[in-house]
Amino acid sequence: MQRYFVAVAGNIGVGKSSLTTLLAQRLGWEPFFEPVVENPYLADFYTNMSAWAFHSQIFFLSRRLHDYDALMQHPTSVLQDRTVYEDAEIFARNLYARGYINERDWASYWDLYTSLSLLLPPPNLVVYLQASVSTLLSRISLRGRDFERNITADYLSQLNTLYDEWVSSFNLCPVLTIATDDLDFVQYPHHLDIITSRIEDRLRGKEILNFTPNQP
């Protein structure tokens, strides 16, 4: 039996953890989740990004690399909730561009990331979940994490732009892009059926999957 490594990518609140959980149950694969609640800097970061951005990103990078070793050694197929590439090329880059990470810290961080990323085997497939800013804000509000209450529409919009740019040039493995504004794979099992089928069929390809509002 072939062993697969699939990563689920996307902005804050887009549904990565939910999809990772459901796919793991459906496929019998091992999930590896983003260590959000374990990050000791995250609450401080959302309160004062300039003071804690670098610390928070270093934690995510170190934890992601730790998890990477575990998932690569796992005997079965695995699903990863957010990739190390997103940590650096989306979130850390955005914080640097906004002035929350200074030039010296960014240079050190980027050198560490680029050196380590050369040693990491890429996934077999990245599943990229897209959503509009209004959808992201709604989902963030529904899950009710206190430390996410200060996330702004502007911040999410900039992340969306960086995500689209990153996906357009990402060539380490195939990418399956899924538009999720009108998609509810938690409430409607047949939406999950479609996604699961496309993942199994497209582990070697790229595809955009759209759902229409009137599709229950």
Open item on the list: Quick one: does any side-chain atom of S18 pair with a main-chain N or O of G15 as donor and acceptor, under 3.5 Å?
Closed with: no
TODO: Would you name the heavy atoms of L120 and Y85 that are closest together and state the gap between them?
DONE: O-OH, 4.3 Å
Open item on the list: Can a donor-acceptor pair be found, under 3.5 Å and without considering hydrogens, that links the side chain of Y163 to the backbone of G10?
Closed with: yes
Open item on the list: With side-chain contact (heavy atoms from CB on, under 4.5 Å) as the criterion, how do L156 and I140 come out once you've worked through the C-alpha distance, each side chain's angles and the decisive distance to 0.1 Å?
Closed with: CA-CA 11 Å; L156 294 172; I140 289 169; 4.0 Å; yes
- [ ] Say whether T180 and R139, considering side chains only, have a donor N or O and an acceptor N or O under 3.5 Å apart.
- [x] yes
TODO: With rounding to the nearest 0.5 Å, note down the distance linking OG in S117 to CG in L61.
DONE: 9.5 Å
TODO: Flag the pair Y155 / R98 as yes when at least one side-chain heavy-atom distance between them is below 4.5 Å, and no otherwise.
DONE: yes
- [ ] Apply side chain to side chain donor-acceptor pair (under 3.5 Å) to the pair S138 and S141, showing each step before the final yes or no.
- [x] CA-CA 5 Å; S138 176; S141 176; over 6 Å; no
Task: ring pair (Phe, Tyr, Trp, His ring centres under 6.0 Å) partner of F5, the single match among F32, W29, Y68 - done: Y68
- [ ] Taking the side chain as every heavy atom from C-beta outward, state whether D44 and N48 have any pair of such atoms under 4.5 Å apart.
- [x] no
- [ ] Please report the shortest heavy-atom distance between F33 and S17, naming the atom on each side.
- [x] CE2-O, 3.7 Å
Task: Spacing of CG belonging to L71 relative to CZ belonging to R64, to within rounding of 0.5 Å - done: 10.0 Å
Open item on the list: Could you check whether any side-chain heavy atom of L162 comes within less than 4.5 Å of a side-chain heavy atom of Q158, counting everything from C-beta outward?
Closed with: no
Open item on the list: Any non-hydrogen side-chain atom of F59 less than 4.5 Å from a side-chain atom of D87?
Closed with: no
Task: Non-hydrogen atoms of P123 and A7 that approach each other most closely - done: CG-CB, 4.0 Å
TODO: Please test D81 against V8 for side-chain contact (heavy atoms from CB on, under 4.5 Å), starting from the C-alpha separation and ending with a verdict.
DONE: CA-CA 5 Å; D81 173 12; V8 182; 5.5 Å; no
Open item on the list: Donor-acceptor check, side chain of D181 to backbone of A131, threshold 3.5 angstrom: yes or no?
Closed with: no
Open item on the list: Using a 3.5 Å distance criterion without hydrogens, assess whether the side chain of S115 forms a donor-acceptor pair with backbone atoms of L112.
Closed with: no
Task: Heavy-atom side-chain contact between S157 and V133 under 4.5 Å - done: yes
TODO: Determine whether the side chains of T83 and E86 contain a donor N or O and an acceptor N or O closer than 3.5 Å.
DONE: yes
Open item on the list: Tell me the closest heavy-atom pair linking D164 and Q130, and the distance in Å.
Closed with: OD1-NE2, 3.3 Å
- [ ] Mind checking the CG-CG spacing from D105 to L95? Nearest 0.5 Å is all I need.
- [x] 11.5 Å
Open item on the list: So, taking the atom named CG in L79 and the one named CG in L19, what distance separates them when rounded to the nearest 0.5 Å?
Closed with: 8.0 Å
Open item on the list: To the nearest 0.5 Å, what is the distance between CG on L27 and OG on S77?
Closed with: 8.5 Å
Open item on the list: Given 3.5 Å as the limit, does a donor-acceptor pair link the side chain of H191 with the main chain of L183, or not?
Closed with: no
Task: Gap separating the CG atom of L192 from the OG1 atom of T196, nearest 0.5 angstrom - done: 4.0 Å
TODO: Assess whether atom CZ of R104 is packed by more than 12 heavy atoms of other residues, nucleotides or ligands within 6.0 Å.
DONE: no
TODO: Determine, step by step, whether R93 and Y113 satisfy the side-chain contact (heavy atoms from CB on, under 4.5 Å) criterion, reporting the C-alpha distance in whole Å, the side-chain angles of both residues, the deciding distance to 0.1 Å, and the verdict.
DONE: CA-CA 12 Å; R93 184 186 293 278; Y113 161 70; over 6 Å; no
Task: Heavy-atom side-chain contact between L136 and I12 under 4.5 Å - done: no
Task: F45 ring center near F60 ring center (under 6.0 Å) - done: no
Task: V127 and R198: CA distance, side-chain angles, deciding distance, side-chain contact (heavy atoms from CB on, under 4.5 Å) verdict - done: CA-CA 10 Å; V127 179; R198 297 296 172 87; over 6 Å; no
TODO: Can you label the angle between the W166 ring and the F170 ring as parallel, tilted or perpendicular, going by 30° and 60°?
DONE: tilted
TODO: Would you name the heavy atoms of L42 and S56 that are closest together and state the gap between them?
DONE: CD1-OG, 3.8 Å
Open item on the list: I need the minimum non-hydrogen distance between A53 and I101, along with the two atoms involved.
Closed with: CB-CG1, 3.7 Å
Task: With V126, the side-chain contact (heavy atoms from CB on, under 4.5 Å) member among V175, L176, T177 - done: V175
TODO: Kindly say whether V14 contributes a backbone atom to a donor-acceptor pair with the side chain of N11 at under 3.5 angstrom?
DONE: no
Open item on the list: With heavy-atom distances below 4.5 Å as the criterion, would you say the side chains of R26 and D193 are in contact?
Closed with: yes
- [ ] Kindly indicate whether the side chain of L23, heavy atoms from C-beta on, has any atom under 4.5 Å from the side chain of V6.
- [x] no
Task: Test item: R82 side-chain N/O and A9 main-chain N/O as donor-acceptor pair under 3.5 Å - done: no
